[in-house]
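First the structure, in the form of structure tokens, and then the observations on it.
Not measured: the values here are computed from a predicted model.
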Amino acid sequence: NGETVSTLGTKVELHDTISFEGKITRPESHKQYVALHKPKGYLCAASDPYKRPLAIDLLRKRYNERLYNIGRLDFNSSGLILFTNDGDFARVVSHPSSNIEKEYVVESREPITKNILNDFKRGVTIEGIRYRIKDFRIPYERRIHLTLIEGKNREIRRFYESRGLHVTRIHRYRIGPIQLNLLKPGEFRDLKYREIEELNRSDNRRTK
């Protein structure tokens, strides 16, 4: 209400006007859970000094709440990514101990062999970081399906590079029970209640 407050724990009323750095803030109305088909060429970040397109910008016209991406897809990757304003839900989905699977289609310029993928399944160390997939399928020698649990930063690309292979496409189509299905690039939808509950149950299974 025009008065500067610096005391922690100051209580306010719903009718009070609260601003920070000149911008009026409002309480979030309710929790949101969103699945987005991120196109290639969009960044998973709140801002970018180079002014590249942001994945969150695709949601701003629909949602007033301040949403955050759960995990990341790099700038040149596409596919399913989740957004929420529920910190507990984000922690469950992103934490490796929840054992939530993420499935990707990976295409490469060169064919990849079953022996190389078995190495990846057993686990490899690259520049001091351990990488490991849960499983794989090889529909075509240049187009494979990988299942990961943790999904460290640029994990797939770094593994391929370590074997002299050139990735041409990475596309995530599933996170746990949630699939892209008919969502086109740039499209999004609210998660269904059963999808949210199933992901949250991953945390219950982990803590037992």
Side-chain angles (χ1 to χ4, degrees), residues 1-6 8 10 12 14 16-96 98 100 102-106 127 129 131 148-161 167-176 178 180 183-191 195-196 199-200:
N1 302 324
E3 178 184 353
T4 300
V5 177
S6 58
L8 291 175
T10 299
V12 298
L14 288 175
D16 288 335
T17 300
I18 304 169
S19 62
F20 178 72
E21 295 183 346
K23 295 182 179 180
I24 294 177
T25 65
R26 295 179 175 84
E28 293 178 343
S29 57
H30 60 282
K31 293 179 180 179
Q32 298 281 9
Y33 309 88
V34 185
L36 168 70
H37 185 163
K38 185 190 91 68
K40 180 180 178 180
Y42 279 76
L43 192 67
C44 293
S47 61
D48 180 47
Y50 302 105
K51 306 299 181 184
R52 288 174 292 183
L54 303 177
I56 187 62
D57 290 339
L58 298 169
L59 307 179
R60 293 192 193 280
K61 291 183 179 180
R62 166 80 177 274
Y63 301 96
N64 295 321
E65 292 81 6
R66 194 168 45 167
L67 303 178
Y68 302 92
N69 48 280
I70 304 176
R72 295 174 183 269
L73 284 172
D74 68 41
F75 187 73
N76 290 315
S77 298
S78 62
L80 178 63
I81 187 163
L82 305 182
F83 284 79
T84 189
N85 56 356
D86 183 342
D88 290 336
F89 178 77
R91 174 185 56 80
V92 171
V93 175
S94 60
H95 203 283
S98 297
I100 296 174
K102 290 88 174 175
E103 285 199 61
Y104 300 77
V105 174
V106 184
E127 297 180 354
I129 302 176
Y131 299 110
L148 281 73
I149 296 296
E150 186 169 0
K152 296 174 181 175
N153 183 39
R154 295 178 61 82
E155 177 168 356
I156 296 171
R157 294 186 189 277
R158 286 175 175 166
F159 176 76
Y160 269 66
E161 289 168 1
V167 172
T168 57
R169 180 178 182 240
I170 296 178
H171 179 76
R172 182 164 64 196
Y173 62 91
R174 182 174 74 89
I175 298 174
I178 303 165
L180 276 179
L183 278 183
K184 297 177 181 178
E187 292 184 343
F188 53 86
R189 66 171 177 86
D190 293 324
L191 296 189
E195 293 173 327
I196 298 168
L199 287 170
N200 277 325

Could you tell me the separation between the [atom1] atom of [X] and the [atom2] atom of [Y], rounded to the nearest 0.5 Å?
X      : Y      : atom1 : atom2 : value
Ile56  : Phe83  : CD1   : CZ    : 4.5 Å
Glu127 : Arg158 : CD    : CZ    : 7.0 Å
Cys44  : Ile70  : SG    : CD1   : 11.5 Å
Tyr104 : Leu148 : OH    : CG    : 6.0 Å
Leu183 : Tyr173 : CG    : OH    : 16.0 Å
Phe89  : Ile196 : CZ    : CD1   : 6.0 Å

Between Phe188 and Arg62, is there a cation-pi geometry (under 6.0 Å to ring centre, at most 45° from the normal)?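 Negative - Arg62 is either too far from the ring of Phe188 or too far off its axis.
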Do any N or O atoms from the side chain of [X] and from the backbone of [Y] form a donor-acceptor pair under 3.5 angstrom?
X      : Y     : answer
Asp190 : Val34 : no
Lys38  : Ser77 : yes
Thr84  : Ala90 : no
Asn85  : Gln32 : yes

Side-chain touch [X]/[Y], heavy atoms, less than 4.5 angstrom:
X      : Y      : answer
Tyr42  : Asp57  : no
Lys31  : Glu65  : no
Asn153 : Arg72  : no
His37  : His171 : yes

So, are Lys102 and Glu155 salt-bridged, with charged N and O less than 4.0 Å apart?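 Between Glu155 and Lys102 there is no salt bridge, as every charged N stays at least 4.0 Å from the carboxylate O atoms.
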Shortest non-hydrogen contact from [X] toward [Y]:
X      : Y      : value
Leu43  : Phe75  : N-CD1, 3.9 Å
Leu80  : Leu82  : CD1-CD2, 4.2 Å
Leu36  : Glu187 : CD1-O, 3.5 Å
Asp74  : Arg154 : OD2-NH1, 3.9 Å
Gly79  : Leu180 : CA-CD1, 3.9 Å
Ile100 : Ile175 : CG2-CG2, 4.1 Å

With sequence neighbours excluded, residues passing salt bridge (charged side-chain N to carboxylate O under 4.0 Å, His left out) with Glu103: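 Salt bridge (charged side-chain N to carboxylate O under 4.0 Å, His left out) list for Glu103, sorted by chain: Arg174.
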Check against side-chain contact (heavy atoms from CB on, under 4.5 Å), Tyr160 and Val106: CA-CA 10 Å; Tyr160 269 66; Val106 184; 3.6 Å; yes
Could you walk me through whether Val167 and Asn76 pass the side-chain contact (heavy atoms from CB on, under 4.5 Å) check? CA-CA 10 Å; Val167 172; Asn76 290 315; over 6 Å; no
